[in-house]
Amino acid sequence: LSCPNTAQTPRTHTLPCKARDSGETMTQAASLKYMTGFGNHFESEAVPGALPIGQNTPQKCPLGLYAEQLSGSAFTAPRPTNFRTWLYRIRPSVTHLPFKPIDSGSITADFSTGEITPNQMRWKPIEIPSKEEKKVDFSQGWFTVGGTGAAEAKSGYAIHLYACNADMENKCFYSSDGELLIVPQHGTLHVFTEMGKLEVPPNFICVIPRGIKFSVNLDGPSRGYILEVFEGRFRIPDLGPIGANGLANPQDFEHPVAAYEDKDGIEYTIVNKFLGKLFAAQTDHSFLDVVGWRGNFVPYRYDLSRFCTHNTVSYDHTDPSIFTVITCQSLEAGTAVADFVIFPPRWGVAENTFRPPYYHRNVMCEFMGLIHGEYEAKKGGFVPGGSSLHTCMTGHGPDAKTFLAASEQELVPQRVADGTMAFMFESKYTLRLTKWAMESMEADDEYYKCWQDLPKLFSS
């Protein structure tokens, strides 16, 4: 499908966007604009005439720009999984000094010696540092919770948390290791990518494909979750018998329109996450200097409130896979490297049914987070910004209080999870925890107690 910016009126997002300095060329006074549609081939110009017509690499590009292809797949990948974008930029991305290692903090991609435990785990929110204590921007504020596989083999995934309090000034970041799914929990992220701008408040997500450079500005202290897949890319799930519509509809995925910075004579830093370590290179100009682009390897955002929820209207539960927003599939049919699943506000109408989530043991590994509200199966204890982990074949389910109440409740139609948005990163791979997760995160050592009061009700 082709949805060029020149043929489509971009959707306008009405929340005000944080202004940047005078190098910014995209009007910020009113709103940002977006192009919609999942998996489309887009094109966009910040300056009319920036894109060549009828070819990608003319002898001389319009406006004195450089042509640069960004490939997100092998050249010979089948067309449905072939991803690339042509960038028309003020300078090519080779114009920097050599990269040098910098402090990687709590980031890692080496899980070969990671901590292992079959126990149910739950953690309290990480603290956001105060500016008086230390200025921390988005590229400096990552903490790796765990992962599996190897970035160098393009296999597996990692889960990170972030906490930051400062803008990325004259700096951009990119990951060579994988595609990033970012879930803000507290504070809006103003994300300036090579393709343009995304405003990502809590209850939105954004996806930044591997290798795309971006900078993040903040409104204030910010915290959230990051899922990084080392293999494959996220896509919307197949709908099967549901039909052509429902769940995360393609038209609700929003992609940026072109915007650029033309800033020279500055000290500018490019930070690269490479095999779980951070490296930095210096240059004298902004690397967010793409004036026009065309392609299908593009960042995007999604408003979780637009998810079209499906569930039972008779009895029992549809499995929670019915709440999958996007998925990164493995070579094993129907089995994910990672799914992103949400538990949104909805109606509960099942008859003669225990309505909260059922007790479960799973071949998959389940990491949960809470953006806001109170999760229906764990009312109290699991708080916004917190996390939990139920690993491969470890039992989990409602706590004793929830079970006893749900077993006796009147089964009338009722709203579920109003004011709440919980989510899950689910993977076929078993998560190995980092030493930081086991020793530095504030673990809830009494998590197991929430099930100990479940009574014996058996009667023969």
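By the neighbour-count criterion of 12 heavy atoms within 6.0 Å, atom CD of E115 is densely surrounded, having more than that number from other residues, nucleotides or ligands. More than 12 non-hydrogen atoms from other residues, nucleotides or ligands lie less than 6.0 angstrom from CZ of F279. Dense packing is recorded around CZ of F99, with more than 12 heavy atoms of other residues, nucleotides or ligands lying under 6.0 Å away.
When all heavy atoms of Y260 and V290 are compared, the closest pair comes out as CB-O, 3.3 Å. Taking both residues in full, the closest heavy atoms of P62 and G49 are given as CB-O, 3.0 Å, listed atom of the first, atom of the second, then distance. Contact between L97 and A281 at its shortest, heavy atoms only, is O-CB, 3.3 Å. The shortest non-hydrogen separation linking P125 to V383 is CD-CG2, 3.6 Å. Taking all atoms of both residues into account, the shortest heavy-atom contact from L227 to F234 is CD2-CZ, 3.8 Å. For the pair K197 and Y34, the tightest heavy-atom approach, listed with the atom from each and the gap, is O-CE2, 3.5 Å.
The residues R301 and E254 are annotated as salt-bridged, a charged nitrogen and a carboxylate oxygen being separated by less than 4.0 angstrom. Ion pairing of D137 with K171 is present here, as a side-chain N (NZ or NE/NH1/NH2) and a carboxylate O approach within less than 4.0 Å. At a threshold of 4.0 Å, the pair D264-R91 counts as salt-bridged, since one of the basic side-chain nitrogens sits closer than that to a carboxylate oxygen. Salt bridge status for E179 with R210: absent, with no side-chain N to carboxylate O gap under 4.0 Å. Between E127 and R223 no salt bridge is recorded (no basic side-chain N to carboxylate O distance below 4.0 Å).
Distance check, rounded to the nearest 0.5 Å: CG of L288 to CG of D262 gives 12.0 Å. T81 contributes atom OG1, which lies 13.5 Å from atom CD of Q329 (distance to the nearest 0.5 angstrom). Between atom CD1 of residue I342 and atom OG1 of residue T420 there is a gap of 12.0 Å, rounded to the nearest 0.5 Å. Residue N249 holds its CG atom at 10.5 Å from CZ of R306, rounded to the nearest 0.5 Å. Atom CG of D177 is separated from atom NZ of K273 by 3.5 Å, given to the nearest 0.5 angstrom. Atom CD of residue E231 and atom OH of residue Y429 lie 3.5 Å apart, to the nearest 0.5 angstrom.
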Checking side chain to side chain contact (heavy atoms under 4.5 Å, CB included) for the pair M35/V257: CA distance, chi angles, key distance, verdict? CA-CA 7 Å; M35 298 180 290; V257 297; 3.9 Å; yes

Criterion side-chain hydrogen bond (donor to acceptor under 3.5 Å, both in side chains) on H190 and D167, from CA distance to verdict: CA-CA 9 Å; H190 302 275; D167 294 343; over 6 Å; no

Side chain to side chain contact (heavy atoms under 4.5 Å, CB included) between Y157 and C365, worked out: CA-CA 12 Å; Y157 73 112; C365 183; 4.3 Å; yes

side-chain hydrogen bond (donor to acceptor under 3.5 Å, both in side chains) between T108 and D110, worked out: CA-CA 6 Å; T108 185; D110 180 7; 5.7 Å; no

Test side chain to side chain contact (heavy atoms under 4.5 Å, CB included) applied to Q282 and H96, step by step: CA-CA 6 Å; Q282 304 300 317; H96 58 76; over 6 Å; no

As a quick check of understanding, evaluate ring-ring contact (aromatic ring centres under 6.0 Å, His included) for F143 and W436, giving each step before the final call. CA-CA 8 Å; F143 305 88; W436 178 83; 5.0 Å; yes

The test is side chain to side chain contact (heavy atoms under 4.5 Å, CB included); show your working for L189 and L218 and say whether it passes. CA-CA 5 Å; L189 303 182; L218 310 173; 3.7 Å; yes

After noting the C-alpha distance and the side-chain angles of F173 and F214, does the key distance pass the ring-ring contact (aromatic ring centres under 6.0 Å, His included) rule? CA-CA 5 Å; F173 173 90; F214 64 98; 5.7 Å; yes

Please determine whether side-chain hydrogen bond (donor to acceptor under 3.5 Å, both in side chains) holds for the pair E199 and T188, giving the CA-CA distance in whole Å, both sets of side-chain angles, and the decisive distance to 0.1 Å. CA-CA 7 Å; E199 188 172 77; T188 295; over 6 Å; no

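The closest donor-acceptor contact from the side chain of T391 to the backbone of L389 lies at 3.5 Å or more, if one exists at all. A side-chain donor-acceptor contact under 3.5 Å links R346 to the backbone of P344. One N or O on the side chain of H317 and one on the backbone of P356 form a donor-acceptor pair closer than 3.5 Å. Between the side chain of S215 and the backbone N or O of F192, no donor-acceptor pair lies under 3.5 Å. Within the 3.5 Å criterion, the main-chain N or O of A77 finds a donor-acceptor partner in the side chain of N82. Between the side chain of N362 and the main chain of M364, a donor-acceptor pair closer than 3.5 Å is present. One N or O on the side chain of R294 and one on the backbone of P52 form a donor-acceptor pair closer than 3.5 Å. In this structure, the side chain of W293 does not engage the main chain of F42 through any donor-acceptor pair within 3.5 Å. Under a 3.5 Å cut-off, the side chain of D289 and the backbone N or O of V291 do not form any donor-acceptor pair. With hydrogens and angles disregarded, no donor-acceptor distance shorter than 3.5 Å links the side chain of T144 to the backbone of H160.
Residues L431 and I159 are in side-chain contact: their nearest non-hydrogen atoms beyond the backbone lie under 4.5 Å apart. At a threshold of 4.5 Å between non-hydrogen side-chain atoms, the residues F425 and D339 do not count as touching. The shortest side-chain heavy-atom distance between F343 and M368 falls under the 4.5 Å cut-off. Here the side chains of Y162 and C164 are in contact, with some heavy-atom distance below 4.5 Å. You'll find the side chain of E261 stays beyond 4.5 Å of the side chain of F287, heavy atoms only. Between S104 and W142 there is no side-chain heavy-atom pair separated by less than 4.5 Å. Residues L247 and I236 are not in side-chain contact: their nearest non-hydrogen atoms beyond the backbone lie 4.5 Å or more apart. Within the 4.5 Å cutoff, side-chain heavy atoms of M421 are placed close to those of P345.
Side chain to side chain, N170 and K263 meet the donor-acceptor criterion of an N or O pair below 3.5 Å. Inspection of the E332 and S330 side chains reveals no N or O donor paired with an N or O acceptor under 3.5 Å. Judged purely by distance below 3.5 Å, without hydrogens or angles, the side chains of E228 and S175 pair a donor atom with an acceptor atom. A donor-acceptor pair shorter than 3.5 Å can be found between the side chains of N272 and S176. Between the side chains of N40 and H255, no donor N or O sits under 3.5 Å from an acceptor N or O.
Taking the six-membered ring for Trp and thresholds of 30 and 60 degrees, Y300 and F38 have ring planes more than 60 degrees apart, a perpendicular arrangement.
Proximity of the aromatic rings of F423 and Y225 is defined here by a centroid distance below 6.0 angstrom, and this criterion is met.
Each of R122, M424, H396, M121 was evaluated against S388; a single residue qualifies, R122, per the side chain to side chain contact (heavy atoms under 4.5 Å, CB included) test.
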